[in-house]
Amino acid sequence: MRHSIERKILVPFLIIVLLPIFIIGAVSMWSSYQSEKQLKQATAQEQLISLNRYADKLDERVQNGSMSEEDAKSLIKIMINETKGLYIEEEDGTLSSEGEVVQPNEIDWYNGEANSNLWTENTVLTEQLEQWNWTLYHPLTFSFYSGSLPNIQKYTLLISIFTGVIAVQFTILLSYHLSKPIKNLAAFCKRIALGEREDDLHMKENRKDEIGVLSTSLKEMVQTLDERNVQIEKIKKLNETILDSVHVGIVLVIEGASSVYNEAAQTMMKEDLLLRERFEKLTIHETKKRSEEIWDHKRHEEKVFYAVSYKVLNTTEKQRSIITFEDITHRRKLEQRVERMSRLASLGEMASGIAHEIRNPLAGIKTTTELLTRRLELSEDQLALTENMMLDIDRVNKIITNILQFSRPMDTNPSVIHVDDTFHSLVLLMQTMASEKNVTLEIERNEDEIIVDRDHLRQILLNLILNGINAMPDGGKLTLSSYRSGANVTMTVSDNGVGMEDSVMEKIFDPFFTTRSEGTGLGLSIVHQLVVQNNGEMDVRSTLGKGATFFITFPTRKGEV
């Protein structure tokens with residue numbers, strides 16, 4: 001690894017250890033080099049001075065006549081030629097070395113072309129033999145690569161190399177022992193970060209230094225974190241269990257991220273796709289504008305209601321909102337049923353009083369009209385008017401009778417009824433009227449039984465069949481069916497007629513509400529009253545232009561609504 005702790009420890013240590021060794025070796029080599037240089041220069045200079053002295057003695061002998069000049073020059077040349085590396089330039093310009101003539105243009109130092117560099121140094125020592133006008137040259141070259149210098153410093157070099165190798169080995173071992181516990185700590189922390197759990201940290205327990213303290217503290221910290229993670233996980237599972245156990249849907253809306261749903265919310269949204277679409281379009285900014293509201297829409301041709309509340313969470317992180325919603329369709333239906341029953345009870349009491357007050361005078365009017373018709377000689381036009389008056393009186397009397405029937409509690413005589421038999425008898429009864437209006441009556445047999453008053457059941461179904469036939473002016477199909485739901489049986493009367501709007505469905509069970517000019521508006525009110533008095537429930541679903549379906553639920557032998 002390029003950023004390994006072992007390398008970060010090893011490299012500085014090697015530099016610290018090896019640098020003094022290199023410096024000592026370099027200084028030793030430099031000192032030996034300078035000593036060798038001075039020695040060579042002194043030796044060469046001594047040779048030149050010795051030759052000059054010898055030349056002086058030879059010249060004295062020439063001067064006192066004991067030796068000729070030629071013999072003196074021959075003797076000095078012999079000594080010069082025997083000296084290795086020594087050059088002589090005679091007065092005629094002849095240059096020779098070791099008895100051989102040398103061309104001046106072939107010698108670099110003579111022409112000034114021999115230059116010194118970092119590792120090599122050139123110098124020339126000169127001596128004048130003034131007796132014969134000769135010049136002696138002794139060129140010297142000093143270099144670190146010369147063979148004599150390593151020989152002189154070979155022990156120093158060996159000691160430096162040996163010391164450096166030992167220092168490197170000790171440095172490597174030291175860096176390894178220093179970096180190993182740190183690497184173990186780093187590897188342990190990495191495994192913890194990845195979620196892996198190790199039994200123990202590979203570290204000597206008897207370490208008392210900072211690394212030992214760090215490893216002990218790290219293990220204790222990990223154990224504490226594990227214990228807290230277990231507690232947090234338990235709390236998390238408990239919270240999730242609580243959230244998933246409630247029947248209320250909970251949605252966490254997070255700015256710039258996907259929303260989080262509890263189990264109840266997921267179930268409700270899976271069953272109601274329109275509800276999911278509304279929540280998916282809801283943004284965090286819209287949740288700040290409201291605190292609670294009621295959502296309503298249709299699901300499978302049934303109107304459903306949801307109570308939705310909003311709560312903005314004040315956090316320093318991303319903006320979040322908690323949305324809770326509950327399906328209150330059943331509650332709303334119960335409220336509507338209670339409200340309807342209360343309204344029907346009030347209207348029943350009022351209608352009963354009004355009906356009694358109207359029925360008595362109406363009976364007198366009818367009797368008086370019949371008496372006048374028999375006693376007076378009326379024309380044909382007057383008789384026609386009288387007959388119309390009698391028809392209107394009978395119609396009013398019929399309405400009053402229905403009102404009294406509506407306002408008076410009805411006695412029930414429940415018994416076990418075969419639904420299919422009741423359907424069959426009513427279809428036979430209504431077949432002629434249905435055929436005249438081009439309506440087909442169908443029965444889906446399911447062999448179900450219910451506990452209900454037989455006459456009341458026939459009156460309920462007869463009213464619903466008549467309404468269904470009237471809702472199909474251009475003909476169609478009316479279907480009677482039933483299905484079991486737990487301890488209850490639900491009968492359905494379904495047509496594919498004109499259907500109803502939501503505003504109409506909310507009022508169809510209200511007394512005196514009708515969409516037909518010839519109707520009294522009491523038929524469905526009485527039907528609803530009969531269903532309730534037989535411990536039943538009634539509901540309706542309709543779509544404008546697609547027909548309507550009435551649901552009537554009664555208990556079976558095994559239970560009651």
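We're numbering straight along the sequence, starting at 1. Values below: every heavy atom of this structure, side chains too, minus hydrogens, waters and symmetry copies.
Between Leu313 and Ile322 the shortest side-chain heavy-atom distance falls below 4.5 Å. A heavy-atom distance below 4.5 Å is found between the side chains of Arg484 and Asp448. Between Glu233 and Asn229, the closest side-chain pair of non-hydrogen atoms is not below 4.5 Å. A 4.5 Å side-chain heavy-atom check between Asn52 and Leu136 finds every atom pair outside the cut-off. For the pair Val101/Leu95, no side-chain contact is recorded, criterion being any heavy-atom separation below 4.5 Å from C-beta on. Side-chain contact between Asn496 and Lys546 is absent, with no heavy-atom pair separated by less than 4.5 Å. Using a 4.5 Å cut-off on side-chain heavy atoms (C-beta onward), Val540 and Thr549 make no contact. Proximity of Tyr310 to Val312: side-chain heavy atoms (C-beta onward) are nowhere separated by under 4.5 Å.
A 6.0 Å sphere centred on CD of Gln266 holds more than 12 heavy atoms belonging to other residues, nucleotides or ligands. Within 6.0 Å of CD in Glu100 there are 12 or fewer heavy atoms belonging to other residues, nucleotides or ligands. Other residues, nucleotides and ligands contribute at most 12 non-hydrogen atoms within 6.0 Å of the CD atom of Glu130.
Side chains of Ser494 and Thr479: no donor on one and acceptor on the other come within 3.5 Å. Counted by atom type alone, Thr135 and Gln128 present one or more donor-acceptor pairs between their side chains at under 3.5 Å.
With rounding to the nearest 0.5 angstrom, the NE2 atom of His138 is 10.0 Å from the CD atom of Gln45. Between the OG atom in Ser97 and the CD1 atom in Ile80 there is a gap of 10.5 Å [rounded to 0.5 Å]. Taken to the nearest 0.5 Å, the OG atom of Ser481 stands 8.5 Å off from the CZ atom of Phe551. To the nearest 0.5 angstrom, Ser482 atom OG is 4.5 Å from Asn446 atom CG. Atom-to-atom distance recorded for Glu537:CD and Asn488:CG is 7.5 Å, nearest 0.5 angstrom. Going from atom OG1 of Thr224 over to atom CG of Asp226 covers 8.5 Å, rounded to the nearest 0.5 Å.
Among all heavy-atom pairs drawn from Ala72 and Leu58, the shortest one is O-CD1, 3.4 Å. Closest of all the heavy-atom pairs between Ala548 and Met500 is CB-CE, 4.0 Å. What you find for Ser68 and Val62 is that their closest heavy atoms are O-CG2, 3.6 Å. Closest non-hydrogen pair, Ala265 versus Val251, comes out as CB-CG2, 4.3 Å. Residues Ile76 and Trp134 come closest through the heavy atom pair CG2-CZ3, 3.4 Å. In terms of heavy atoms, Asp327 sits closest to Thr329 at OD1-OG1, 2.6 Å.
Relative ring orientation between Phe325 and Tyr306 is described as perpendicular, the plane-to-plane angle rising above 60° on a 0-90° scale split at 30° and 60°.
Using a distance-only test at 3.5 Å, with no hydrogens or angles considered, a donor-acceptor pair links the side chain of Asn262 to the main chain of Val248. Checking side-chain atoms of Asp296 against main-chain N and O of Phe305 turns up no donor-acceptor pair under 3.5 Å. Proximity of a side-chain donor or acceptor of Thr126 to a complementary backbone N or O of Tyr137 within less than 3.5 Å is not detected.
Counting only residues at least two apart or in different chains, salt bridge (Lys or Arg N to Asp or Glu O under 4.0 Å) contacts with residues 72-84 comprise Glu69-Lys73, Lys77-Glu90. Here ring pair (Phe, Tyr, Trp, His ring centres under 6.0 Å) pairs that include residues 35-77, with residues two or more places apart or in two chains, number zero. Residue pairs meeting the ring pair (Phe, Tyr, Trp, His ring centres under 6.0 Å) criterion with at least one partner in residues 82-107, sequence neighbours excluded, are Tyr87-Trp109. Screening residues 272-283 for salt bridge (Lys or Arg N to Asp or Glu O under 4.0 Å) gives Arg276-Glu280 as the qualifying pairs, with residues at least two apart or on separate chains.
Applying the side chain to side chain donor-acceptor pair (under 3.5 Å) rule to Glu60 yields no partners; only residues at least two apart in sequence or on another chain are considered. Listed by chain and number, the residues in a side chain to side chain donor-acceptor pair (under 3.5 Å) with Lys311 amount to none (sequence neighbours excluded).
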ask   = Does the side-chain contact (heavy atoms from CB on, under 4.5 Å) test come out yes or no for Leu140 and Val124, once each step is laid out?
value = CA-CA 6 Å; Leu140 297 174; Val124 180; over 6 Å; no
